[in-house]
Amino acid sequence: MTQWLEAVERDYSHPSIVGWCPLNETWQRSTDQITVLDDVTWGMYLATKAADLTRPVIDASGYAHRVPGADVYDSHCYEQDPELFGRLMAGLADGAPFVNADRDGTAWSVPYQGQPYFCSEFGGIWWNPDVRPEESSWGYGERPASEEELQRRFAGLVGVLLDDPRMFGYCYTQLTDVFQEQNGIYRFDRTSKLDVSRIRAAQLRPAAIEQAR
């Protein structure tokens, strides 16, 4: 917690920071017992709120939300089929959004309470046109057979979120490759490996949440 508050103090005045998230993908089933994770999550959330009165705070990115009524609620979802991805995300309109849970459905999080909601990790499309079959590489789902297939999948996944009038944002995984995790829009050295103009074009239209205002 001390290290986290040092980071908040260090970056407090940075203009690109719009919110705070102290934890990522904490994995633990919810029970009627108070756990160390419960205490740490609550403590970091409250300490962040006290350190910065101006920005929203989410208790954890994806998986185990432990603070009822936190400023923001989110999920991570790497479903690669845009149609199925759309069905998973469709519950937000009825106040029952997609929530990360254990494989058997056991809850990890406190229930959603109507906060602003976004999909903070999705996509992760496995693509590297340079990799040879014998090389080790990794990404989500089946590797597209062509860049055209990747572009269609990307546009379909993004379109699901853009068309949802209650989805306030999203974060695509990810900007660059990271070693063997080759699901970036750019290579590890930041050179282009696909037509970025099409990636941009798929996201240029106004989101439904903007048009509903």
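- The hydrophobic clustering, which links ILVMFWY residues whose side-chain heavy atoms are closer than 4.5 Å, places Tyr112 and Trp42 apart.
- Donor-acceptor pairing under 3.5 Å is lacking for the side chains of Ser75 and Tyr63.
- The shortest non-hydrogen separation linking Leu53 to Ala50 is CD2-O, 4.2 Å.
- Annotation: side chain of Leu150 is not in contact with side chain of Arg153 (no heavy-atom distance under 4.5 Å).
- Across all non-hydrogen atoms, the minimal contact from Val8 to Ala51 is CG1-CB, 4.0 Å.
- The 12-atom threshold is exceeded at CD of Gln113, counting heavy atoms of other residues, nucleotides or ligands nearer than 6.0 Å.
- A salt bridge between Asp104 and Arg29 is present, with a side-chain N of the basic residue lying under 4.0 Å from a carboxylate O of the acidic one.
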Working note: Met167 + Tyr117, criterion side chain to side chain contact (heavy atoms under 4.5 Å, CB included); need CA distance, chi angles, decisive distance, verdict.
CA-CA 6 Å; Met167 186 76 60; Tyr117 176 98; 3.9 Å; yes
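- Side chains of Thr176 and Ile185 form no contact here, defined as non-hydrogen atoms less than 4.5 Å apart.
- Taking the six-membered ring wherever Trp is involved, the centroid distance between the rings of Phe118 and Phe168 falls below 6.0 Å.
- Side chains of Glu181 and Gln174: a donor-acceptor N/O pair is present below 3.5 angstrom, by distance only.
- The backbone N or O of Thr41 lies less than 3.5 Å from no partner atom in the side chain of Asp59, so there is not a single donor-acceptor pair.
- Taking 4.5 Å as the limit, every side-chain heavy atom of Glu9 sits out of range of all side-chain heavy atoms of Leu5.
- Pairing each heavy atom of Tyr45 with each of Gly69, the nearest pair is OH-O, 4.2 Å.
- Taking the side chain as every heavy atom from C-beta outward, Tyr78 and Thr173 approach each other to under 4.5 Å.
- Look at Arg10 and Glu6 and you find no salt bridge, because none of the NZ, NE, NH1 or NH2 atoms lies under 4.0 Å from a carboxylate O.
- A donor-acceptor contact closer than 3.5 angstrom is absent between the side chains of His65 and Asn100.
- If you run ring pair (Phe, Tyr, Trp, His ring centres under 6.0 Å) between Phe154 and each of Trp127, Phe122, Tyr172, only Tyr172 comes through.
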Hey, mind stepping through Arg205 and Gln211 against side chain to side chain contact (heavy atoms under 4.5 Å, CB included) and telling me if it holds?
CA-CA 10 Å; Arg205 59 186 174 86; Gln211 297 174 316; over 6 Å; no
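- By the neighbour-count criterion of 12 heavy atoms within 6.0 Å, atom CD of Glu25 is densely surrounded, having more than that number from other residues, nucleotides or ligands.
- Atom OG of Ser120 is separated from atom CD1 of Ile58 by 6.0 Å, given to the nearest 0.5 angstrom.
- Cation-pi contact between Arg55 and Tyr12: present, with separation from the ring centre below 6.0 Å and deviation from the ring axis of at most 45°.
- Of all heavy-atom pairs spanning Asn183 and Gly124, the tightest one is CB-O, 3.2 Å.
- Using modelled atom types, one finds no donor on one side chain facing an acceptor on the other under 3.5 Å when comparing Tyr140 with Gln80.
- Atom CG in Leu161 sits 15.5 Å away from atom CZ in Arg166 (nearest 0.5 Å).
- Around atom CG of Leu204, more than 12 heavy atoms belonging to other residues, nucleotides or ligands sit under 6.0 Å away.
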Starting from the C-alpha separation in whole Å, work towards a yes-or-no answer on side-chain hydrogen bond (donor to acceptor under 3.5 Å, both in side chains) for Arg187 and Gln182.
CA-CA 8 Å; Arg187 295 183 178 89; Gln182 296 176 348; over 6 Å; no
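- The hydrophobic cluster containing Met1 also contains Val67, counting ILVMFWY residues as joined when their side-chain heavy atoms lie under 4.5 angstrom apart, directly or transitively.
- A salt bridge is defined here as a Lys NZ or Arg NE, NH1 or NH2 lying under 4.0 Å from an Asp or Glu carboxylate O, and Asp177 with Lys193 meets this definition.
- Between Arg66 and Asp38, at least one side-chain nitrogen of the basic residue sits less than 4.0 Å from a carboxylate oxygen of the acidic one, meeting the salt-bridge criterion.
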Test Cys77 against Glu121 for side chain to side chain contact (heavy atoms under 4.5 Å, CB included), laying out the working first.
CA-CA 6 Å; Cys77 182; Glu121 286 191 26; over 6 Å; no
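- No donor-acceptor pair under 3.5 Å is formed between the side chain of Ser61 and the backbone N or O of Asn24.
- Between Pro129 and Glu147, every side-chain heavy-atom pair lies at or beyond the 4.5 Å cut-off.
- Ile209 has its side chain out of reach of Pro165: every pair of non-hydrogen atoms, C-beta onward, lies at least 4.5 Å apart.
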Take Asn128 and Ser137 through the side chain to side chain contact (heavy atoms under 4.5 Å, CB included) test and state the conclusion after the steps.
CA-CA 9 Å; Asn128 187 341; Ser137 65; 5.8 Å; no
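- Residues Val160 and Pro82 share a closest heavy-atom pair of CG2-O, 3.6 Å.
- Residues Leu175 and Val158 fall within the same hydrophobic cluster, defined by Ile, Leu, Val, Met, Phe, Trp and Tyr side chains chained together at heavy-atom separations under 4.5 Å.
- Annotation: the span from Phe98 atom CZ to Arg87 atom CZ amounts to 13.5 Å, rounded to 0.5 Å.
- Across Asp52, Asp11, Thr48, a single residue satisfies side-chain hydrogen bond (donor to acceptor under 3.5 Å, both in side chains) together with Trp20, and that is Asp52.
- With 3.5 Å as the limit, one finds no donor-acceptor pair spanning the side chains of Gln151 and Asp195.
- The backbone N or O of Leu194 sits nowhere less than 3.5 Å from a side-chain atom of Ser192 that would complete a donor-acceptor pair.
- Pro56 and Val18 make their closest contact through CD-O, 3.3 Å (heavy atoms, listed as atom of the first residue, atom of the second, distance).
- For an aromatic pair to be called close, the ring centres must be under 6.0 Å apart, and Trp126 with Trp138 fails this.
- Counting only distance, with no hydrogens or angles, the side chain of Asp71 and the backbone of Val57 share a donor-acceptor pair below 3.5 Å.
- No chain of hydrophobic side-chain contacts below 4.5 Å, direct or via other Ile, Leu, Val, Met, Phe, Trp or Tyr residues, connects Trp108 to Tyr73.
- Atoms OH and CE, from Tyr170 and Met89 in turn, are 13.5 Å apart once rounded to the nearest 0.5 Å.
- A salt bridge is absent between Arg143 and Glu149: the closest approach of a Lys/Arg side-chain nitrogen to an acidic carboxylate oxygen does not fall below 4.0 angstrom.
- In the hydrophobic cluster analysis, where Ile, Leu, Val, Met, Phe, Trp and Tyr join through side-chain heavy atoms closer than 4.5 angstrom, Val196 is grouped apart from Phe188.
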